[in-house]
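Note that ligands are numbered from 1 as they come in the structure, with each ligand's atoms numbered from 1 the same way. Just so you know, these numbers use all the heavy atoms, side chains as well, and skip hydrogens, waters and symmetry mates.
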Amino acid sequence: MKISNKQGVNISDRITFSPRVSNAKIQVVCGPMFSGKTKTLIGLISGYLKDKKKVVVFKPKLDDRYAEEAIVSHDRDEASAYAVSRPAEILDLFHRADVVAIDEVQFFDESIVTVCETIADYGKTVIVAGLDLDYLGRPFGSMPQLMSVADEIIKLNSVCTFCSGRARFSHRVSKEHGVVVLGEKDKYVPLCRSCYNEMNSKL
Ligand SMILES: [Zn+2]
C-alpha cells in the first residue's frame with residue numbers, strides 16, 4: 001500500500017522513526033503574584049518524585065528572596081534548585097534528569113523558549129512557572145511564547161485584595177518603576193480586572 005500525504009510525498013519510504021517518548025512535554029504554570037504558582041510547581045515536582053522520576057530544578061539567579069539554592073512558595077514549601085544566570089546553563093545540567101522544573105521563568109531572556117523546547121525534544125518533561133503579566137498588565141518576557149509551545153497550561157488566579165474577586169493582575173503598590181522589582185505584599189497586591197482598572201485610573 002502506498003501512503004502519501006497531500007503534497008504527494010511518499011511517506012511510506014520513511015524507514016526510521018524517532019522513539020516515541022511519552023514523557024516529552026512542556027507544562028506551563030502561570031498567573032499573578034500570590035496565586036500559588038511555586039506551590040503548584042512544588043506539588044508537581046513531588047508527584048514526579050513519587051513516580052521515581054529524577055527532577056532537577058532551576059531558577060534565575062536574581063530571585064533570592066527566600067533562599068539562594070531553593071525555590072520556596074509563599075507558604076514556605078521548598079525544593080532545592082540551581083540558581084542560573086542564563087538559560088544556556090540549564091542545557092549543561094539537564095541530561096541526568098527525567099523532569100526539568102524552572103521557577104520564575106519570566107525573568108529569563110527569550111532563549112529560554114529554545115532551551116525548553118530542546119529539553120522536551122530530548123524526551124524530558126519540562127515544567128515552568130512564572131508571571132504571565134507584568135505590573136502594568138502586559139505579557140511578561142517570554143511567557144507568551146512559552147504558553148504557545150506548551151503542551152499543557154495551568155492558569156491560576158489569586159484573590160482580589162479589595163473585592164475578593166478573581167485576581168489576574170499584580171498591582172505594584174510601591175513607587176518603584178522598572179519591570180523587575182522583587183518584592184512581596186509590601187510591594188504588590190493581587191487585583192481583579194475592575195479593581196485594577198479603578199486603581200490605575202486614579203494614578
Ligand atoms: Zn476586585
- request: Step by step, work out the side-chain contact (heavy atoms from CB on, under 4.5 Å) result for Ser142 and Ile112.
  value: CA-CA 8 Å; Ser142 298; Ile112 191 68; 3.9 Å; yes
task: Assess whether side-chain contact (heavy atoms from CB on, under 4.5 Å) is satisfied between Phe58 and Val105, documenting all intermediate values.
output: CA-CA 9 Å; Phe58 298 93; Val105 72; over 6 Å; no
message: Check Lys155 with Asp132, please: is the shortest side-chain N to carboxylate O separation under 4.0 Å?
response: yes
- request: Answer with yes or no after comparing the ring centroid distance for Tyr135 and Phe169 against a 6.0 Å cut-off, counting only values under it.
  value: no
- prompt: If you leave out waters, which protein N, O or S atoms are less than 2.8 Å from the Zn ion (ligand 1)?
  reply: Cys160 SG, Cys163 SG, Cys192 SG, Cys195 SG
query: Looking at side-chain heavy atoms only, is the closest gap between Met147 and Cys30 below 4.5 Å?
result: yes
message: Are Val126 and Cys116 packed together at the side-chain level, in the sense that at least one heavy-atom pair is separated by less than 4.5 angstrom?
response: yes
